[in-house]
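Chain A is the first sequence line, chain B the second, and so forth, proteins listed ahead of strands; every chain is numbered from 1. Bear in mind the structure is a predicted one, so any value in this text is a computation, not a measurement.
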2 protein chains.
Amino acid sequence: MAAAPRRRAIPDAAVARLPVYHRCLLDLQAEGRTTVSSEQLAEMAGVNAAKVRKDLSHFGSYGTRGVGYEVDQLIIDLRRELGLEHDWPCVIVGAGNLGSALASFNGFRERGFTVVGILDVDPAKVGRRIGGLVVRHQDDLDELVAAEGVAIGIVAVPPAAAQEAADRLVAAGVTSILNFAPTVLDVPAGVHVRDVDLAVELQILAFHEERRPDGRNRRVVERVRS
Amino acid sequence: MAAAPRRRAIPDAAVARLPVYHRCLLDLQAEGRTTVSSEQLAEMAGVNAAKVRKDLSHFGSYGTRGVGYEVDQLIIDLRRELGLEHDWPCVIVGAGNLGSALASFNGFRERGFTVVGILDVDPAKVGRRIGGLVVRHQDDLDELVAAEGVAIGIVAVPPAAAQEAADRLVAAGVTSILNFAPTVLDVPAGVHVRDVDLAVELQILAFHEERRPDGRNRRVVERVRS
DNA sequence: AGCTGTGAATGACTTCACAGCA
DNA sequence: TGCTGTGAAGTCATTCACAGCT
């Protein structure tokens, strides 16, 4: 967490929801819908209507009172806000199970992120083909980042190697890191890190599972507001 | 200030950090450390000391003033709070790239989550071996969940199939779902869902990348000390 | 009439700061 | 003395509620 002085125009919590709205709008567009109300969008995104309006108002107002938001226009605006007008080249460090899966994951390319390289230190892995890419040695990182203008790196190595991988990415010029290793990375201020610890997600579920009101019984459903 | 005895004893935000503390404590234990101060633990976890103390105080106080927390004891307490005293059997629905990677991912088992089955609807995938498991047909879900006492399901199917997969999991008796599909799942109240949308994570990074103070010219990595 | 945009109210989470114990 | 535990203050996020546009 770099504590840099910044004017945070849009709250972090709102930023995290914009991609979800974007996703929902694409679905609406695919269905041929031309407008959508905050209430409908909220329903789709699993949040409430006031939040949708407030979130969207953070980058100017685009809705029409009495009607709602124009789907096409809102997609354009969100794309611009999210920096999705151009593709983002990414590199993956670590060609194990997870790195390999990420490299062949279609969900990235579909949404504007192209994996331009996957690297590993293990000579046994270098040279393998994964999802249209050949695994390169981690020493090629500098060259690759420079050649492709990579700004985003994905760390998919074992915990013990994660800091080293991050250091290399930063040295190569990468300024945003998506970290799958269960480690707190130490990076220079100005470098963004997002952690995705898959086991932590399960642990949070287990926490709630362990203390559900009905103990170990099956569900006694009570109404919860959505 | 516990005037209203709510069901929510521990704030969500704190719960999300407990697994991280747990992870750090295991590292400390491995190094042979017997005690740790809130400040040291905070440093490792990437948060601040007051937060650590407050978080830990939510389930009773275990620290010794003037000394800190006893590592072994705190691990035990966290394990209990997080429901990690027993293993959690999980099933994965979807044997594509992501599902396969998750099935062979060591990080789960190491932290108390055992993948007891991976299922798919595609006959071409059924029967394949993945990380010590044989892919089963999705129709076997009920049987598997009942036989193994599965409470946690992992959805790793394409978006169009996600709701169906979730419905099946819920029908089979699963009460917590980790959803990797970029879709808002509709589940009965009482069923917990956590979403992990990998592309959204990248989009959030892209958002910040797009509006970094130094504009689009990257590689002007200013060296700021951390 | 319907729906957005937004100040104001509420609520949640974080940080401060210090009393109190080992 | 050193460090925890915790009220109180502060910050940030969510929700309400309604004025105001179409």
Side-chain angles (χ1 to χ4, degrees), chain A residues 1-18 20-21 24-25 28 33-71 73-74 77-78 81 204 207 224-226, chain B residues 1-18 20-21 25 28 33-71 73-74 77-78 81 204 207:
Chain A
M1 323 313 172
R6 54 186 156 207
R7 62 195 62 188
R8 167 147 310 317
I10 306 186
D12 279 340
V15 170
R17 285 186 295 267
L18 298 184
V20 179
Y21 301 149
C24 295
L25 287 161
L28 287 166
R33 293 283 303 277
T34 59
T35 61
V36 64
S37 69
S38 59
E39 188 135 12
Q40 294 163 328
L41 188 52
E43 157 85 31
M44 293 181 74
V47 301
N48 85 2
K51 202 183 284 186
V52 168
R53 294 199 297 276
K54 180 83 66 173
D55 286 348
L56 296 182
S57 77
H58 285 306
F59 55 94
S61 301
Y62 296 101
T64 308
R65 287 160 201 237
V67 179
Y69 299 86
E70 216 202 309
V71 173
Q73 188 56 48
L74 193 47
D77 296 327
L78 276 171
E81 288 299 320
I204 293 170
F207 173 88
V224 182
R225 66 235 170 81
S226 59
Chain B
M1 217 190 300
R6 270 254 158 161
R7 223 184 234 298
R8 162 145 319 309
I10 306 187
D12 279 340
V15 170
R17 286 186 295 266
L18 298 185
V20 179
Y21 301 149
L25 287 161
L28 286 167
R33 292 284 301 278
T34 59
T35 62
V36 65
S37 70
S38 60
E39 189 136 10
Q40 294 163 329
L41 188 51
E43 157 86 32
M44 292 181 75
V47 300
N48 85 3
K51 202 182 284 186
V52 168
R53 293 199 299 276
K54 180 83 63 171
D55 286 348
L56 296 182
S57 77
H58 284 306
F59 55 94
S61 302
Y62 297 101
T64 307
R65 289 162 201 236
V67 178
Y69 299 85
E70 216 203 308
V71 172
Q73 187 56 48
L74 193 47
D77 296 327
L78 277 170
E81 288 300 318
I204 294 170
F207 173 89

> Rounded to whole Å, please give me the gap between NZ in B:Lys51 and P in D:dG5.
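One finds 18 Å between P of D:dG5 and NZ of B:Lys51, rounded.
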
> Rounded to the nearest Å, what distance is computed from the CZ atom of residue B:Arg53 to the P atom of nucleotide D:dG2?
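Between P of D:dG2 and CZ of B:Arg53: 15 Å.
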
> Just how far is it from atom CZ of B:Arg17 to atom CD1 of A:Ile204, taken to the nearest 0.5 Å?
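Atom-to-atom, B:Arg17:CZ and A:Ile204:CD1 are 10.5 Å apart.
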
> Is any side-chain nitrogen or oxygen of B:Tyr69 closer than 4.0 Å to OP1 or OP2 of C:dA22?
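Checking B:Tyr69 against C:dA22: no side-chain N or O falls below 4.0 Å of OP1 or OP2.
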
> Using every non-hydrogen atom in the two residues, find where A:Val36 and A:Leu25 come nearest and quote the distance to one decimal.
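Residues A:Val36 and A:Leu25, closest heavy atoms: CG1-CD2, 4.0 Å.
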
> With side chains defined as the heavy atoms from C-beta onward, is the minimum distance between A:Leu18 and A:Tyr21 less than 4.5 Å?
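The answer is yes; the side chains approach within 4.5 Å.
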
> When the distance from CG of A:Asp12 to C1' of C:dA12 is rounded to whole Å, what number comes out?
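Rounded to the whole Å, the gap is 16 Å.
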
> Atom CD of B:Glu70 to atom C1' of D:dT4: distance rounded to whole Å?
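These atoms are roughly 15 Å apart.
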
> Measure CG/A:Asp55 against P/C:dT6 and give the value in whole Å, please.
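The answer, rounded to whole Å, is 13 Å.
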
> Report yes if the side chains of B:Glu81 and B:Ile10 come closer than 4.5 Å at any heavy-atom pair, otherwise no.
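Yes. Closest side-chain heavy atoms under 4.5 Å.
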
> Measure CG/B:Leu56 against P/C:dC13 and give the value in whole Å, please.
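So the CG-P distance, B:Leu56 to C:dC13, works out to 17 Å.
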
> Let's see if you get this right: which residues in residues 58-66 of chain A place a heavy atom under 4.0 Å from DNA chain C?
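DNA chain C contact set from residues 58-66 of chain A: A:Ser61, A:Tyr62, A:Gly63, A:Thr64, A:Arg65, A:Gly66.
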
> Measure from NZ on B:Lys54 to C1' on D:dG7 and round the result to the nearest Å.
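About 7 Å, once rounded to whole Å.
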
> Send over the distance from B:Ile10 CD1 to C:dT14 P, rounded to a whole Å.
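My rounded result for the distance is 13 Å.
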
> Map B:Ala50 and B:Ala13 onto DNA chain C by nearest heavy atom, then report which one ends up closer to the 5' terminus.
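On the 5' side of the pair lies B:Ala13.
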
> Which residues pass the side chain to side chain contact (heavy atoms under 4.5 Å, CB included) test with A:Ser38, not counting sequence neighbours?
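If we apply the side chain to side chain contact (heavy atoms under 4.5 Å, CB included) test to A:Ser38, skipping adjacent residues, the hits are A:Ala49, A:Val52, A:Arg53, A:Tyr69.
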
> Both A:Val67 and B:Ser38 contact DNA chain D. Taking the nearest nucleotide for each, which residue is further toward the 5' end?
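Comparing both residues, the 5'-ward one is B:Ser38.
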
> Does atom CD (B:Gln40) have a neighbourhood of more than 12 heavy atoms from anything else shown, all under 6.0 Å?
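Atom CD in B:Gln40 is packed in, count exceeds 12.
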
> Report the nucleotide, chosen from D:dT4, C:dC16, D:dC16, that has the shortest atom-to-atom distance to any side-chain atom of A:Asn48.
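Closest of the options to the side chain of A:Asn48: D:dC16.
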
> Could you please spell out the steps behind the side chain to side chain contact (heavy atoms under 4.5 Å, CB included) verdict for A:Met44 and A:Leu28?
CA-CA 10 Å; A:Met44 293 181 74; A:Leu28 287 166; 3.7 Å; yes

